[in-house]
Amino acid sequence: MSAPAPSPLAIVDAEPLPRQDEVLTDAALAFVAELHRRFTPRRDELLARRTERRAEIARTSTLDFLPETQAIRVDDTWKVAPAPAALEDRRVEITGPTDRKMTINALNSGARVWLADFEDASAPTWENVVNGQLNLIDAYTRNIDFTDPRSGKAYALKPAEELATVVTRPRGWHLDERHLQLDGTPVPGALVDFGLYFFHNAQRLIDLGKGPYFYLPKTESHLEARLWNDVFVFAQDYVGIPQGTVRATVLIETITAAYEMEEILYELRDHASGLNAGRWDYLFSIVKNFRDGGSKFVLPDRNLVTMTAPFMRAYTELLVRTCHKRGAHAIGGMAAFIPSRRDPEVNKVAFEKVKADKDREANDGFDGSWVAHPDLVPIAMASFDAVLGDKPNQKDRLRDDVSVAAGDLIAVDTLDAKPSYDGLRNAVAVGIRYIEAWLRGMGAVAIFNLMEDAATAEISRSQIWQWINANVVFENGEHATADLARTVAAEELATIRAEVGEEAFAAGKWQQAHDLLLQVSLDQDYADFLTLPAYEQLR
């Protein structure tokens with residue numbers, strides 16, 4: 001008797017979308033189903049390992065470089081694969097979701113790379129997941145345009161040689177896609193985003209002189225990088241393209257990954273193209289992992305933790321040294337400022353800060369950096385042009401002068417700044433405003449002249465949680481308590497109601513966002529990711 005055919009993926013609880021059949025073809029879904037069968041069990045084991053490691057950190061309040069992988073770190077002979085031509089020069093990268101307007105604007109922005117984001121800058125509604133894939137396919141086939149219904153302004157792609165190279169960011173390992181299931185089990189969002197994009201575009205991108213390039217988010221260990229490498233090997237064989245065509249840049253945005261940078265590059269060495277220093281998620285990860293560690297791990301207001309803080313400097317300098325030692329690109333952090341059309345003085349001050357930040361990164365040895373808005377591309381470009389000149393990167397700067405001890409990465413108590421009452425109010429205000437937009441399907445939101453994404457909400461609620469549980473006393477004498485957080489949240493909700501008006505307030509998800517922020521900020525049982533309970537409410 002012959003074996004039964006593999007179960008097809010089921011589309012669950014999702015209204016049909018126009019043109020979804022172009023993305024959700026039988027062949028593409030069969031590929032995603034095969035990824036799920038082969039790799040989800042290991043994904044589940046690695047998520048369980050995260051929990052075990054967190055418990056160990058809670059017990060010891062420390063981290064160290066892994067003794068079992070020391071041989072990899074001391075072996076100077078291995079390097080990552082040479083960068084493909086399309087990723088040799090990455091001096092400015094723009095980030096943003098894959099909606100139609102952003103797709104055109106980002107590709108046209110003048111940046112060398114566009115991080116096309118299915119992760120923190122995209123709320124994972126079914127519409128965003130499917131239409132984001134469609135927009136990328138349409139961009140590669142030059143079948144994309146957009147007319148703004150309010151302004152009437154038309155958007156179209158520039159000539160191919162002027163477009164940014166796309167590096168796509170799938171969701172992190174922890175998130176599932178409830179609308180795609182196999183035998184009643186949701187497929188990991190990472191495999192959905194990777195699988196659909198890779199299946200439809202890998203050969204198309206090769207034909208365009210580029211390739212399927214990815215940013216890997218929320219990685220916590222080299223074993224998780226090994227899983228991604230195995231996914232890449234299988235996927236390339238499945239569609240019949242050469243091994244090593246895929247290239248991956250890993251975001252070092254968790255504190256545990258900061259201790260395994262070399263090992264992460266080693267696991268991905270045939271497919272690695274670099275590491276990136278992601279600021280907000282990194283701080284969120286420190287709070288999450290060391291939340292039982294007492295006062296020495298209490299962070300001040302997020303805007304007071306600059307990249308020049310000693311423990312942040314240790315992290316970024318170690319990243320540059322590690323990347324260049326292994327022949328990989330080191331990509332710097334985000335300039336999140338959103339220029340104001342009405343306030344040139346705000347712009348002047350912000351542009352100076354952006355320039356100083358990008359000058360520092362370029363002079364430290366980074367090969368490129370991120371911006372959130374096209375108007376920031378020329379500023380960042382000038383900083384890197386001044387250091388690189390005609391060179392595509394500065395991987396030849398080995399930074400042998402850098403020496404970072406294990407304790408340097410978690411020396412949070414080297415900061416002079418302290419949590420403030422205004423910091424609490426800002427965390428509450430930004431948290432409510434961001435979550436409300438996310439629940440309406442928007443993942444990248446301009447709030448107080450900054451482009452915020454899910455990492456913003458994570459650091460906001462983590463700081464509220466940490467300050468309350470550490471019994472922080474603010475400069476005005478008030479104690480951080482659950483009652484104080486509730487009072488501030490009620491006041492901020494009233495401010496928003498007055499600001500937007502009764503009709504818009506009633507039409508939005510403001511009360512829901514307020515309640516969710518307080519839930520994840522005040523529950524003693526700290527949720528690993530805000531987006532997990534938020535996803536249950538996303539419709």
Q: Indicate whether the side chain of Thr249 and that of Arg90 have a donor and an acceptor atom separated by less than 3.5 Å.
A: yes
Q. Ignoring hydrogens and geometry, is there a side-chain-to-backbone donor-acceptor pair from Tyr215 to Leu115 under 3.5 Å?
A. no
Q. Quick one: side-chain contact (heavy atoms from CB on, under 4.5 Å) partners of Ala190, sequence neighbours excluded?
A. Trp173, Trp228
Q: Check the side chains of Asn229 and His271 for a donor-acceptor pair under 3.5 angstrom, ignoring hydrogens and angles.
A: yes
Q | Listed partners of Asn449 passing side-chain contact (heavy atoms from CB on, under 4.5 Å), at least two apart | A | Phe337, Ser340, Val346
Q. Can Glu475 and Ser420 be counted as having a side-chain donor-acceptor contact under 3.5 angstrom?
A. no
**Q.** Ser122 OG to Asp193 CG distance, which is reported to the nearest 0.5 Å
**A.** 8.0 Å
Q. Strictly by modelled atom types, are Asn276 and His329 linked by a side-chain donor-acceptor pair under 3.5 Å?
A. no
For residues 519-528, which side-chain N or O atoms pair as donor and acceptor with protein atoms under 3.5 Å away, sequence neighbours left out?
residue: Ser521; atom: OG; partner: Leu517; partner atom: O; Å: 2.7
residue: Gln524; atom: NE2; partner: Asn469; partner atom: OD1; Å: 3.1
residue: Tyr526; atom: OH; partner: Ser462; partner atom: OG; Å: 2.7

Q: Take Lys355 and Asp357, measure what salt bridge (charged side-chain N to carboxylate O under 4.0 Å, His left out) needs, and give me the verdict at the end.
A: CA-CA 5 Å; Lys355 180 182 184 303; Asp357 190 48; over 6 Å; no
Q: Answer yes or no: are there more than 12 heavy-atom neighbours, outside Lys296 itself, under 6.0 Å from its atom NZ?
A: no
Q. Donor-acceptor pair, Asp367 side chain versus Ala330 backbone, under 3.5 Å?
A. yes
Q | Expected output: side-chain Asp89 to main-chain Arg91 donor-acceptor under 3.5 Å | A | yes
Q. For Asp400, what residues pass the salt bridge (charged side-chain N to carboxylate O under 4.0 Å, His left out) criterion, not counting sequence neighbours?
A. none
Q. Between Thr168 and Pro170, what is the shortest heavy-atom contact and its length?
A. O-CD, 3.5 Å
**Q.** Exercise: identify the closest heavy-atom pair between Glu253 and Ser285
**A.** O-CB, 3.9 Å
Q) Would a distance-only check, ignoring hydrogens and angles, find a side-chain to backbone donor-acceptor pair under 3.5 Å from Ser273 to Ala83? A) no
**Q.** Partner residues of Thr456 under the side-chain contact (heavy atoms from CB on, under 4.5 Å) criterion, sequence neighbours left out
**A.** Trp280, Arg302, Val430, Glu452, Asp453, Ser460
Q: Using the test salt bridge (charged side-chain N to carboxylate O under 4.0 Å, His left out), find all partners of Lys79 that sit at least two apart in sequence or belong to another chain.
A: none
Q.
To the nearest 0.5 Å, what is the distance between CG on Leu175 and CG on Leu532?
A. 5.5 Å
Q | Closest contact, heavy atoms only, Asp301 versus Pro419 | A | OD1-CA, 3.4 Å
Q: Return the set of residues passing side-chain contact (heavy atoms from CB on, under 4.5 Å) with Asn105 (not counting sequence neighbours), or none when no residue passes.
A: Lys101, Tyr155
(Q) Taking Asp422 first and then Arg425, would you say they form a salt bridge - that is, a charged N and a carboxylate O separated by under 4.0 Å? (A) no
Q. Is there a salt bridge (charged side-chain N to carboxylate O under 4.0 Å, His left out) between Glu56 and Arg59 once you walk through the steps?
A. CA-CA 5 Å; Glu56 177 69 9; Arg59 188 179 65 78; 2.7 Å; yes
Q: For the pair Asp343 and Lys348, find out whether any cationic side-chain nitrogen is under 4.0 Å from an anionic carboxylate oxygen.
A: no
Q. Which atoms form the tightest heavy-atom contact between Thr98 and Ala116, and what is the distance?
A. CG2-CB, 3.8 Å
Q: Ignoring hydrogens and angles, tell me if any N or O in the side chain of Asp281 forms a donor-acceptor pair with the backbone of Gly278 under 3.5 Å.
A: no
Q. What residue among Arg73, His222, Arg326 forms side chain to side chain donor-acceptor pair (under 3.5 Å) with Glu262?
A. Arg326
**Q.** Heavy-atom pair with the smallest gap, counting every atom of Tyr282 and Ile252
**A.** CD1-O, 3.9 Å
Q) Under 3.5 Å, side chain of Thr254 to main-chain N/O of Thr219, donor-acceptor pair present? A) yes
Q) Between atom CG of Asn289 and atom CZ of Arg50, what is the distance when rounded to the nearest 0.5 Å? A) 10.0 Å
**Q.** Spacing of NZ belonging to Lys391 relative to CZ belonging to Arg397, to within rounding of 0.5 Å
**A.** 8.5 Å
Q) If only atom types and distance count, is the side chain of Thr256 paired as donor or acceptor with the main-chain N or O of Glu220 below 3.5 Å? A) yes
Q) Under 3.5 Å, is there a donor-acceptor pair between the side chain of Asp385 and the main chain of Gly389? A) no
**Q.** Arg49/Glu224 ion pair, N-O < 4.0 Å
**A.** no
Q. By ring pair (Phe, Tyr, Trp, His ring centres under 6.0 Å), which residues pair with Tyr535, not counting sequence neighbours?
A. none
**Q.** Distance (rounded to the nearest 0.5 Å) between Arg291 CZ and Phe297 CZ
**A.** 13.5 Å
Q: Measure from NZ or CZ of Arg269 to the centre of the six-membered ring of Tyr266, then state whether that distance is under 6.0 Å and the direction lies within 45° of the axis.
A: yes
Q) Do Ser221 and Glu260 have side-chain N/O donor and acceptor atoms under 3.5 Å apart? A) no
Q.
Going by the rule salt bridge (charged side-chain N to carboxylate O under 4.0 Å, His left out), which residues pair with Asp416 if we only count those two or more places apart in sequence or in a different chain?
A. none
Could you go through residues 435-444 and list every donor-acceptor pair under 3.5 Å that involves a side-chain atom there, pairing it with any protein atom two or more places apart or in another chain?
residue: Glu436; atom: OE1; partner: Arg440; partner atom: NE; Å: 3.1
residue: Glu436; atom: OE1; partner: Arg440; partner atom: NH2; Å: 3.0
residue: Glu436; atom: OE2; partner: Arg440; partner atom: NE; Å: 2.8
residue: Glu436; atom: OE2; partner: Lys509; partner atom: N; Å: 2.8

Q) For Leu283 and Val305, what are the C-alpha separation, side-chain angles and deciding distance, and is it a side chain to side chain contact (heavy atoms under 4.5 Å, CB included)? A) CA-CA 9 Å; Leu283 294 176; Val305 187; 3.8 Å; yes
Q) Does Glu317 offer a backbone N or O that forms a donor-acceptor pair with the side chain of Asp364 under 3.5 Å? A) no
Q. Taking only residues two or more places apart in sequence or in another chain, which ones pass salt bridge (charged side-chain N to carboxylate O under 4.0 Å, His left out) with Glu45?
A. none
Q. Taking the six-membered ring of Tyr213, is NZ or CZ of Arg247 closer than 6.0 Å to its centre and within 45° of its axis?
A. no
(Q) Keeping Glu361 on the side-chain end and Gly333 on the backbone end, is there a donor-acceptor pair under 3.5 Å? (A) yes
Q: For Leu415 and Phe311, work out which heavy atoms get closest and say how close.
A: CD1-CE2, 3.5 Å
Q: Supply the atom-to-atom distance Tyr315 OH to Met307 CE, rounded to the nearest 0.5 angstrom.
A: 5.5 Å
Q: Could you list the residues that satisfy ring pair (Phe, Tyr, Trp, His ring centres under 6.0 Å) with Tyr421, not counting sequence neighbours?
A: none
Q | Aromatic plane relationship, Phe284 with Phe529 - under 30° parallel, 30 to 60° tilted, over 60° perpendicular | A | perpendicular
**Q.** Pair Thr306, Thr308: side-chain N/O donor-acceptor within cut-off below 3.5 Å
**A.** yes
